[in-house]
Every structure is written in structure tokens, then in C-alpha cells.
Amino acid sequence: MRIESNPENVRAQVREWRKQGLTVGLVPTMGYLHEGHKSLIDRAVKENDRVVVSIFVNPIQFGPTEDLESYPRDLNADSRLVENAGASLIFAPQPEDMYAADFSTYVQVNEVSEQLCGKTRPVHFRGVCTVVSKLFNIVAPDRAYFGQKDAQQLAVIRRMVRDLNFGITIVGCPIVREADGLAKSSRNTYLSPEERKAALCLSRAVRRGEELVDGGETDGDKIIAEMRAVIEQEPLAEIEYVEMVSWDNIQIHHKVDGPILTAMAVRIGKTRLIDNFIRE
Ligand code: PAF
């Protein structure tokens, strides 16, 4: 599997593909790839002639007390997964390949970044938008693939691409779950066996919310209260937020009368997990 760390070599390779009239897909990741990432790569491989998978634990999207140092990494296993999935190139830069010592340019998307994770992770989306803009400039893909598990991230990136005329199609892909319902996440590896069981309260709450909405309940506050009650039954769980927002602008919304995102962040011990459902 070809692994490049130098942005200019990636740019040169994409230029070659372009000369041959080939289309290019990009799957941005932070590595430690699982079935969720594989579903993005599979879709990208189906829809593009060549696929670049970026693997980069982006320091500027982590707050000072977050898990940057301990974030799991395994480039060998990742490169096997990417190769088996049929992608063409891994772009795995080092922080110094992406950020000059005096780096000073950031991309900030307002409104859609403000609620949910934006409240408790103040630098997060600025870091995500900055690195994704850099990846878009380096790879210049036709399409880029993001998981719906990070639903707010998907909304923020769609807004950024529209506002800044990137001319890239953003493809959102469904959440991939373990057999028992837990949404796949690289951070699941932090969970002890007891916490792993406790973490099921997130997908149980999602299912309860979906049942209510699909059964015709439109009162957002009632839906949120029932979802919170499911999580509160689990002693190891500490709710950061459970909210309903409008899917269009990620602002708090109290009624199911259009496209909505219902999202949660819950701590299980030291591990912060997110989950959600969308009704468009
Ligand atoms: O979703 C992620 O893994 C990251 O936020 C992303 C989009 C790769 C940017 O670092």
C-alpha cells in the first residue's frame, strides 16, 4: 500500500490521475480504522476511480484536557484495511507536514458549530474545518466521505463547503453499529468490559427516540426527556447533552416539524461517546 506523508507528493499523484481523466474520492480519518471507516472507503471505491484515505490525528481539534496523546494509532493495521478495501493511496502526514511552526490560519464556521459538541469542545470544529480545508486543498477530490455518527461535523463541513465554494460533493454515510447496537468508534477501545456494557445506554436511548418520532410524537422536549431517562438508568453514565436540533442549522428545536437531528454526548467513566439519529 502506498503511504505518503508529504502533501506535495499527494498533490502530484492526484495531478497525474487527473491527466488520465480519473475521478478522485477522499476519506478523511484519524486512523485506528474500523468497520465504520471501511463503509466510507467501500462507498468511495464504488463511486470514484481513485480513493485517497487520509490518516492524521489532528492536534488542533483537541482541547488541552482531551485525549490527543492517548488517541489509538495503528498504521500497519490501517494500511491492511485500506489496501483490502481497494483504495489507492494513504496520506499519513506528521503534524509538522501539516502545520508550520508559525501556522496562523484557521477556518471558523459559525452557527452550525455553536450547539451540541461546540459548547463543550470550543476549539474542536475550528480544528476540524481547518484540517479538512487543508486536505481538500491538497487532494482536490471530486467527493469526500464522512460518517453520520459525527452528525454535527457533517453539517459543519457541508456548510463550510457551500460557504467557501469548495466545489466538492460531501457524501454522508450511515452509522455502523456493533451487533448489540453500540455505534462503532475508535474510542470504544478505551472502555473496560463493564463500561462497554454500560455504553449500550446510548444506542438504547437512540432507539427510544426513534420509536417515539416514528410513532408520531412531535414534542421534542418529551422525546428528549424519555431518552435522558433511558441513559439515567445506567449508573456509569454521565450525560453531557441530549438535544434535538434542526438538521438545517443545528439550532435547538423543540418540535418534529421538519428535518431534525437528535444527538447526545455521554461520558462512560472517562470515555466520551456520541450517538444520534436524524429524520429528514
Ligand atoms: O472525523 C474525524 O475522524 C476527524 O474529525 C476528521 C474529519 C478526519 C478531521 O480530523
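We count ligands from 1, going down the list as the structure has it; atoms in each ligand are counted the same way. Small disclaimer: the values here were computed from a predicted structure and weren't measured.
Contact atoms of ligand 1 toward Gln153: 1 (O), 2 (C), 4 (C), 5 (O), 7 (C) (distance under 4.0 Å to a heavy atom of the residue). Taking every non-hydrogen atom of Pro28 and a distance limit under 4.0 Å, the qualifying atoms of ligand 1 come out as 8 (C). Contact atoms of ligand 1 toward Thr29: 8 (C) (distance under 4.0 Å to a heavy atom of the residue). Under a 4.0 Å criterion applied to the non-hydrogen atoms of Val131, ligand 1 contributes the atoms 9 (C), 10 (O). Taking every heavy atom of Gln61 and a limit of under 4.0 angstrom, the matching atoms of ligand 1 come to 4 (C), 5 (O), 9 (C), 10 (O).
Taking atom 3 (O) of ligand 1 as the reference point, the nearest protein heavy-atom neighbour is Met30 CG, 3.5 Å.
Counting all heavy atoms, side chain and backbone alike, Asp97 lies closest to Pro7 at O-CG, 3.6 Å.
There is no side-chain donor-acceptor pair under 3.5 Å between Asp42 and Tyr145. Of the N and O atoms on the side chains of Arg126 and Gln61, not one donor lies less than 3.5 Å from an acceptor on the other residue.
The ring-ring contact (aromatic ring centres under 6.0 Å, His included) search around Phe277 returns none, not counting sequence neighbours.
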Thr120 and Glu240: side-chain hydrogen bond (donor to acceptor under 3.5 Å, both in side chains), yes or no, with the steps?
CA-CA 8 Å; Thr120 45; Glu240 187 179 289; 2.5 Å; yes
